[in-house]
Protein chains: 2
Amino acid sequence: MRTYGQYCSVAKALDVVGDRWTLLIVRELLLQGPCRYTDLKSGLPGIATNLLADRLRELERAGLVRREEAPPPIATTLFQLTDAGNELEPVLDALCGWGVRYMTAPDEGDQFRSHWFSLPASLFLHDRDPGGAPVTIELQAAGRPAVIEVSGGSVRTRLGSAPAPDVVLRGTPQAIMATLTGHLTVDQAAARGLEITGDPAVLARLLPEPAAGPS
Amino acid sequence: MRTYGQYCSVAKALDVVGDRWTLLIVRELLLQGPCRYTDLKSGLPGIATNLLADRLRELERAGLVRREEAPPPIATTLFQLTDAGNELEPVLDALCGWGVRYMTAPDEGDQFRSHWFSLPASLFLHDRDPGGAPVTIELQAAGRPAVIEVSGGSVRTRLGSAPAPDVVLRGTPQAIMATLTGHLTVDQAAARGLEITGDPAVLARLLPEPAAGPS
DNA sequence: CGGCATCCTCTTTGATACTG
DNA sequence: CAGTATCAAAGAGGATGCCG
């Protein structure tokens, strides 16, 4: 394990989570909760299997990940974050917030997974009416649908469908992302192909004030 | 430039700043302001010079760093962060906050620079009496002294000495770090060799509530 | 299938030396 | 001062094999 050899908090943090893929593995475990090896691999398109195994071992040694042998009938290994691992969430949030500037059009060949909407959703959506009735928004992009559930002022996202969502957003990951992050207004997004059905007031309650310039 | 190929804000951020040394270079430019190549190298003990040159080029191409040829009489190149670069501060803050858990004893051979106190200082010190008189605290560890300046509720740190500091902390980087982050109370730190001179009330005004367990 | 380990190639890094 | 050049070592990526 190569370290920076600097007595600095940032350098020490990067000694532990600065290796390639490491923070993305933490992202998966944060967003998905306890995961099987195969779940991790499919949530991390592009990772080499030996690298995933290596990193999981390192994360375990560092005390960020705990490995649990689920008993039969499950009979599989589950990987989950420890407290120290969960406490990386502010780091992921900050990176997510800084990285949205690059979330314009996907690059050629970019992969996408619906649960990746979770971080931007909780980072950018805020309930302006925390006492109001709970609402759900279904997101339909490539792959599986996702649901944003808002209640009591908290915003949570999970994979799956809602029985009767208040709003459905259907379109490319890019269009949905731009709407969630406030990069496009609802009208602008609709004009670019985002299908919006349901109650517009729910979106007005949650979406951030859109930024100045369009695009 | 190797990318993760994932349409996710975190992955896109790491595509840009995820390489080894990159975030530490940003740290230096954030803490030190515009820097000469040599200043950067001495603030990044352990970096290979070709790697520093490579990274600076990449950071410039990515629009995080601007290179400026200072005219004579200075006649040197200055590297400074652009707005996009400066906006990485929340990422550095989050990493710093998460990394303090590893700031126990320095590892064998760890290097230290006094300006590295800046991040923990602004992260952990808070002025409980923002209307009170401005105060300064001088930190004397290895290398050059540093000064924490508190006024109008803001906490700033710079290299150098204060003419008449309200408090002087003198000791190992570890002892000072533990005190600033609230890992040790003033009394505990003093018992472990930290020399504290000046007005104790100033520290009480600024230091965080110390955590439960000692060490 | 789930959870890796091995083998091989290619790229990145680190250390050192040298230059305008 | 601000890098470039060189080279060995480490790490990443990809394919495939193995074992319960």
Side-chain angles (χ1 to χ4, degrees), chain A residues 1-6 11 14-25 28-29 32 34-62 65-80 109-111, chain B residues 1-6 11 14-25 28-29 32 34-62 65-80 109-111:
Chain A
M1 169 204 186
R2 169 159 297 280
T3 74
Y4 286 107
Q6 299 184 358
L14 292 173
D15 280 344
V16 179
V17 298
D19 279 345
R20 193 163 163 75
W21 289 106
T22 301
L23 275 175
L24 293 185
I25 295 174
E28 284 305 303
L29 292 168
Q32 305 233 54
C35 279
R36 291 174 304 173
Y37 189 86
T38 340
D39 300 331
L40 283 170
K41 225 175 60 173
S42 83
L44 293 162
I47 198 173
T49 176
N50 57 351
L51 207 39
L52 177 54
D54 278 3
R55 291 289 183 271
L56 284 171
R57 250 190 310 269
E58 288 167 19
L59 284 168
E60 203 182 349
R61 271 208 329 143
V65 162
R66 200 176 20 243
R67 178 187 310 247
E68 207 159 301
E69 304 294 335
I74 314 189
T76 186
T77 316
L78 286 182
F79 298 90
Q80 59 188 301
D110 268 5
Q111 301 282 322
Chain B
M1 171 203 186
R2 171 159 295 281
T3 73
Y4 286 107
Q6 299 184 357
L14 291 173
D15 280 344
V16 180
V17 298
D19 280 346
R20 193 162 162 76
W21 289 106
T22 301
L23 276 175
L24 293 186
I25 295 174
E28 285 305 303
L29 292 168
Q32 307 233 54
C35 278
R36 291 174 302 174
Y37 188 87
T38 342
D39 300 331
L40 283 170
K41 226 175 56 175
S42 83
L44 293 162
I47 198 174
T49 176
N50 57 349
L51 205 39
L52 177 54
D54 277 4
R55 291 289 182 270
L56 283 171
R57 252 190 309 271
E58 288 166 19
L59 284 169
E60 204 183 348
R61 270 206 330 143
V65 161
R66 201 176 19 244
R67 179 187 308 246
E68 207 160 300
E69 304 294 335
I74 313 188
T76 186
T77 317
L78 286 182
F79 298 90
Q80 60 188 301
D110 268 4
Q111 301 281 324

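Because the structure is a prediction, the values reported are computed rather than measured. All chains are named by letter (A, B, ...) in the order of the sequence lines, taking the proteins before the strands, and each is independently numbered beginning at 1.
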Do you know which two heavy atoms are closest between [X] and [Y], and how far apart they sit?
| X | Y | answer |
| --- | --- | --- |
| B:T3 | B:D15 | CA-OD1, 3.3 Å |
| B:G43 | B:E28 | O-OE2, 3.1 Å |
| B:V17 | B:L23 | O-CG, 3.6 Å |

Atom [atom1] of [X] and atom [atom2] of [N]: how far apart are they, to the nearest Å?
| X | N | atom1 | atom2 | value |
| --- | --- | --- | --- | --- |
| A:L56 | C:dA5 | CG | C1' | 14 Å |
| B:F79 | D:dC1 | CZ | C1' | 11 Å |
| B:I25 | C:dT13 | CD1 | P | 11 Å |
| A:R20 | C:dT13 | CZ | C1' | 14 Å |
| A:D54 | C:dT6 | CG | C1' | 12 Å |
| A:D39 | C:dG3 | CG | C1' | 12 Å |
| A:L44 | C:dG3 | CG | P | 14 Å |
| A:D19 | D:dA10 | CG | P | 15 Å |

Checking contacts here: which listed nucleotide ([options]) is nearest the side-chain heavy atoms of [X]?
| X | options | value |
| --- | --- | --- |
| B:L51 | C:dG14, D:dT4, D:dA12 | C:dG14 |
| B:A53 | C:dG14, D:dG3, C:dC4 | D:dG3 |
| A:Y37 | C:dT13, C:dG2, C:dC4 | C:dC4 |
| A:T38 | C:dT13, D:dA12, C:dG3 | C:dG3 |

Just do the side-chain contact (heavy atoms from CB on, under 4.5 Å) check on B:L56 and B:L40 with the steps written out, would you? CA-CA 10 Å; B:L56 283 171; B:L40 283 170; 4.0 Å; yes

Report yes if a side-chain nitrogen or oxygen of [X] is closer than 4.0 Å to either non-bridging phosphate oxygen (OP1 or OP2) of [N]; otherwise report no.
| X | N | answer |
| --- | --- | --- |
| B:R36 | D:dG3 | no |
| A:T76 | C:dG3 | yes |
| A:R67 | C:dC4 | yes |
| A:W21 | D:dG13 | yes |

Side chain of A:Q6, backbone of B:P45: donor and acceptor closer than 3.5 Å?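 Yes: the side chain of A:Q6 pairs with the backbone of B:P45.
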
How are the rings of B:Y37 and B:F79 set relative to one another: parallel (under 30°), tilted (30 to 60°) or perpendicular (over 60°)?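 The arrangement is tilted - the two ring planes meet at 30° to 60°.
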
Axis deviation across the helix from C:dC1-D:dG20 to C:dG20-D:dC1, five-pair ends, to the nearest 10°: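 Inter-axis angle at the ends, rounded: 30°.
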
Return the CG to CG distance between A:L24 and A:L29, rounded to the nearest 0.5 Å.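 Rounded to the nearest 0.5 Å, the CG-CG separation comes to 11.0 Å.
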
Atom CZ in B:R20, atom CG in A:L14: separation rounded to 0.5 Å? 9.0 Å

Polar-atom pairs under 3.5 Å, protein N or O versus N or O of nucleotides 15-20 of chain C: list them with distances, or write none.
from: C:dA15; atom 1: N6; to: B:N50; atom 2: ND2; distance (Å): 2.7

Determine, step by step, whether A:R67 and A:L78 satisfy the side-chain contact (heavy atoms from CB on, under 4.5 Å) criterion, reporting the C-alpha distance in whole Å, the side-chain angles of both residues, the deciding distance to 0.1 Å, and the verdict. CA-CA 6 Å; A:R67 178 187 310 247; A:L78 286 182; over 6 Å; no

Got a salt bridge between B:E58 and B:R61, using NZ or NE/NH1/NH2 to carboxylate O under 4.0 Å?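 A salt bridge is absent here (no side-chain N lies under 4.0 Å from a carboxylate O).
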
